[in-house]
Amino acid sequence: MIAPLSSEALVVGGGPAGSALAIALAEAGLSVVLVEKSKEAQHKVCGEFLSPESLPLLHQLGISPDHLGAQTIHSTRLVTREVLAEVRFPAPAFSLTRRALDEALLQRAQQVGVNVHRGWTAERLDYLEGSNRWQAHVSDDGELAVIEGESAFLATGKHGLRGWARVTKGTHNNLVAFKMYFALSSEQQKQLAGYVELILFPGGYAGLQMVGGGCANLCAVVTREKLQQPGAGWDSLLDYMLRHSDHLARRLNGSIPTLERPLALSAIPYGYCMNGPIEILSPWRIGDQAAVIPSFSGDGMAIALYTARRAAQLYLGGYAAADFHREIRKQFQRSLYCGSLLSRLVTALPSLGQVARIWPSVLLGIFSATRVPDTAPVS
Ligand SMILES: Cc1cc2nc3c(=O)[nH]c(=O)nc-3n(C[C@H](O)[C@H](O)[C@H](O)COP(=O)(O)OP(=O)(O)OC[C@H]3O[C@@H](n4cnc5c(N)ncnc54)[C@H](O)[C@@H]3O)c2cc1C
């Protein structure tokens, strides 16, 4: 048994949300303990698109994506069989591997004094009424520890924690996601540089962008029904996508997959937003624990960073978790609703993408309808 730890703030989960929150609280002078179950930064199922909204939020935390080797993304292409439309973003975005980003954020947290424990998994989180404190039971390779905090922040992403499962499962929750890196031919690297391509096919969609080292990230979501067909799996999904998109087939021609196997994720609660009853006595839920936007919007990390920043502001201002949850629900409901609706439409009817060929500004409209409402840095 590891000796008990105590802190003012206890953060469970060291993805973008947990690290960002821990940094903000530690910079405000609080003692913070953060537990992250992975011993080292991992590849994650993610398109790795850092939206323009996420950049000021990262800069505020002392993180500069271009210093971490991020690639600039200036435009998006909407693709079915061939490119339908191309639109320039109002402000530049970036692509950066999650391994690099999550590691940089955790290191920054350590630098500003957060007590970071990697390889520690929280097994449960309880509120102790007698002492008015939170207590987490964590395990590290079979060793057990107890951590106490005056407040608790749940930043476990899509993973639930015993006793604190989400009340609802999101409004578009029948998708399964896959991610694979491909080393592209030098000609295709040149063609793709600066763009994030959104490839629509019946039953799903995929994002493709360069992430450095000559590699592109192909991150696809597909309905569970499609995957339940006989012989379905990553190989048949890839084959299916290539048959439906000559453009993608050209991009991947002569490429080499660089991960041993694709990463997969199921039961994604797209459209989820703190929309159950607001619990009075609850840990502060941030990042994907607060709201899950469909991945084509490329704004999940901005939401994680934004909710972390806002939770820190409200916590330091003396507000309760329920106040924060109520605010987030009000603020995000519209963009989550639009995002889910669009996600359901494009997976069911990819031909709808044709509208963007005739009217490319539709693409920008879609982009703005699913944005984080307000990420202007607060001084
Ligand atoms: C297919 C797909 C593509 C996406 N593409 C993009 C994109 O291109 N751009 C974008 O901005 N967003 C994208 N997103 C969304 C983005 O990945 C998430 O919104 C973001 O990672 C949320 O950050 P988080 O910190 O809340 O959760 P996470 O990043 O999931 O971090 C949670 C952390 O908690 C840890 N953890 C979990 N349980 C425990 C426990 N019990 N104890 C200790 N630690 C624990 C995990 O190991 C993890 O490190 C995508 C999502 C999907 C599914």
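Along the sequence shown, residues carry numbers from 1. Fair warning: this is a prediction, and the values are worked out from it, not measured in the lab. Ligands are counted one by one from 1 in listed order, and the atoms in each one are counted from 1 as well.
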Tell me whether the centres of the aromatic rings in Phe324 and Phe153 are closer together than 6.0 Å. no
Can you check whether Gly287's main-chain N or O pairs, donor with acceptor, with Thr307's side chain at less than 3.5 Å? yes
Counting only heavy atoms closer than 4.0 Å, does ligand 1 sit against the backbone of Ala304, its side chain, both, or neither? side chain
Main chain of Gly47, side chain of Gln209: is a donor-acceptor contact present, judged purely on distance under 3.5 Å? yes
Between the candidates Ala308, Gly47, Ala93, Ala290, which shows the shortest non-hydrogen contact distance to atom 5 (N) of ligand 1? Gly47
Please confirm whether Met301 comes within less than 3.5 Å of ligand 1 when only nitrogen or oxygen atoms on both sides are compared. yes
min-distance protein heavy atom vs atom 9 (N) of ligand 1 -> Phe49 O, 2.8 Å
Lys44 heavy atoms within 4.0 Å reach ligand 1 at atoms 28 (P), 29 (O), 31 (O), 48 (C), 49 (O)
Under 4.0 Å to a heavy atom of Glu48 - the qualifying atoms of ligand 1, by number: 7 (C), 8 (O)
Looking only at N/O atoms, are Lys158 and ligand 1 under 3.5 Å apart anywhere? no
Quick check on contacts: which atoms of ligand 1 are under 4.0 angstrom from a heavy atom of Gly157? 26 (O), 27 (O), 30 (O), 32 (C)
Counting from 1 in the order shown, the ligand 1 atoms closer than 4.0 Å to a non-hydrogen atom of Cys219 are 1 (C), 3 (C)
I need the nearest protein heavy-atom contact for atom 40 (C) of ligand 1: residue, atom name and distance, please. Ala122 N, 3.8 Å
Nitrogen or oxygen of Gly18 less than 3.5 angstrom from that of ligand 1: no
In terms of side-chain geometry, is the basic nitrogen of Glu187 or Lys190 positioned less than 4.0 Å from the acidic oxygen of its partner? yes
Give a yes or no on whether the backbone of Pro283 and the side-chain of Trp164 come within a donor-acceptor separation of less than 3.5 Å. no
Around atom 14 (N) of ligand 1, find the nearest protein heavy atom and jot down its residue, atom name and distance. Cys46 SG, 3.9 Å
Do ligand 1 and Leu265 have nitrogen or oxygen atoms that lie under 3.5 Å from each other? no
If hydrogens are left out, which of Gly119, Ala155, Gly13 has an atom nearest to atom 32 (C) of ligand 1, that is, the closest non-hydrogen atom? Ala155
Under 3.5 Å between any N/O of Gly298 and any N/O of ligand 1: does that happen in this structure? yes
Please check this pair: side chain of Asn217 against backbone of Cys46, looking for a donor-acceptor N/O pair closer than 3.5 Å. yes
Contacting atoms of ligand 1, where contact means under 4.0 angstrom from a heavy atom of Ser38: 47 (O)
For ligand 1, which is the ligand I care about here, please tell me if Gln289 has any N or O atom under 3.5 Å from one of the ligand's N or O atoms. no
Close-contact set for ligand 1 against Val35 heavy atoms, below 4.0 Å: 43 (C), 44 (N)
Taking only heavy atoms of Trp120 into account, list the atoms of ligand 1 that are under 4.0 Å away from them. 43 (C)
Any donor-acceptor pair under 3.5 Å linking the side chain of Ser95 with the backbone of Met210? yes
Test Glu86 against Ser75 for side chain to side chain donor-acceptor pair (under 3.5 Å), laying out the working first. CA-CA 7 Å; Glu86 192 172 301; Ser75 302; 5.3 Å; no
Below the 3.5 angstrom mark, is there an N/O of Asp102, backbone or side chain, next to an N/O of ligand 1? no
For atom 25 (O) of ligand 1, grab the closest protein heavy atom and report residue, atom and distance to one decimal in Å. Ala17 N, 2.9 Å
When you measure from the side chain of Gln289 to the backbone of Gly157, do you find a donor-acceptor pair of N or O atoms at a distance under 3.5 Å? yes
Should we count NZ of Lys330 as having more than 12 external heavy atoms under 6.0 Å? no
Candidate with minimal heavy-atom separation from atom 3 (C) of ligand 1, of Ser139, Gly300, Ser295, Gly207: Ser295
Has Ser51 got any heavy atom lying under 4.0 angstrom from an atom of ligand 1? no
Name the orientation class of the two ring planes belonging to Trp234 and Phe178 (parallel below 30°, tilted from 30 to 60°, perpendicular beyond 60°). tilted
Considering heavy atoms of the protein only, find what lies nearest to atom 18 (C) of ligand 1 and give residue, atom and distance to 0.1 Å. Asp288 OD2, 3.4 Å
Taking only Lys NZ, Arg NE, NH1 and NH2, and the carboxylate oxygens of Asp or Glu, determine whether Asp246 and Arg250 approach each other closer than 4.0 Å. no
Applying salt bridge (Lys or Arg N to Asp or Glu O under 4.0 Å), can you list everything that pairs with Asp235, at least two apart in sequence or on another chain? none
Out of Lys37, Lys179, Glu53, Arg162, the nearest non-hydrogen contact to atom 45 (C) of ligand 1 is supplied by Lys37
Under 4.0 Å, counting heavy atoms only: does Gln42 come that close to any atom of ligand 1? no
Would Gly287 count as a polar contact of ligand 1, with the cut-off being nitrogen or oxygen pairs under 3.5 Å? no
Considering both backbone and side-chain atoms of Ala302, is one of its nitrogen or oxygen atoms within less than 3.5 Å of a nitrogen or oxygen in ligand 1? no
What I want to find out is whether Arg99 reaches Glu48 closely enough, with some N-O distance under 4.0 Å, to be called a salt bridge. no
How close does the nearest protein non-hydrogen atom get to atom 39 (C) of ligand 1, and which residue and atom is it? Thr156 CG2, 3.6 Å
Tell me, which protein residue and heavy-atom name are nearest atom 47 (O) of ligand 1, and how many Å apart are they? Glu36 OE2, 2.7 Å
At their closest point, which heavy atom of Tyr272 faces which heavy atom of Ala290, and how far apart are they? CE2-O, 3.6 Å
So, does Thr76 use its side chain to make a donor-acceptor pair with the main chain of Val196 at under 3.5 Å? yes
Answer side chain, backbone, both or neither: which part of Tyr270 comes under 4.0 Å from ligand 1, heavy atoms only. side chain
With distance as the sole test, does Ser340 use its side chain to make a donor-acceptor pair with the main-chain N or O of Tyr337 at under 3.5 Å? no
Counting only heavy atoms from other residues, nucleotides and ligands, does the tally under 6.0 Å from CD of Glu40 exceed 12? no
May I ask whether Phe178 places a heavy atom under 4.0 Å from ligand 1? no
Looking at Tyr240 and Pro202, would you say the former's side chain and the latter's main chain have a donor-acceptor pair under 3.5 Å? yes
Would you check the N or O atoms of Leu161, main chain and side chain alike, for any that come under 3.5 Å of an N or O of ligand 1? no
Relative to the heavy atoms of Ala177, which atoms of ligand 1 are at a distance of less than 4.0 Å? 1 (C)
Main-chain N/O of Val211 paired to Gln71 side chain as donor or acceptor, under 3.5 Å: no
Any heavy atom of Arg98 sitting closer than 4.0 Å to ligand 1? yes
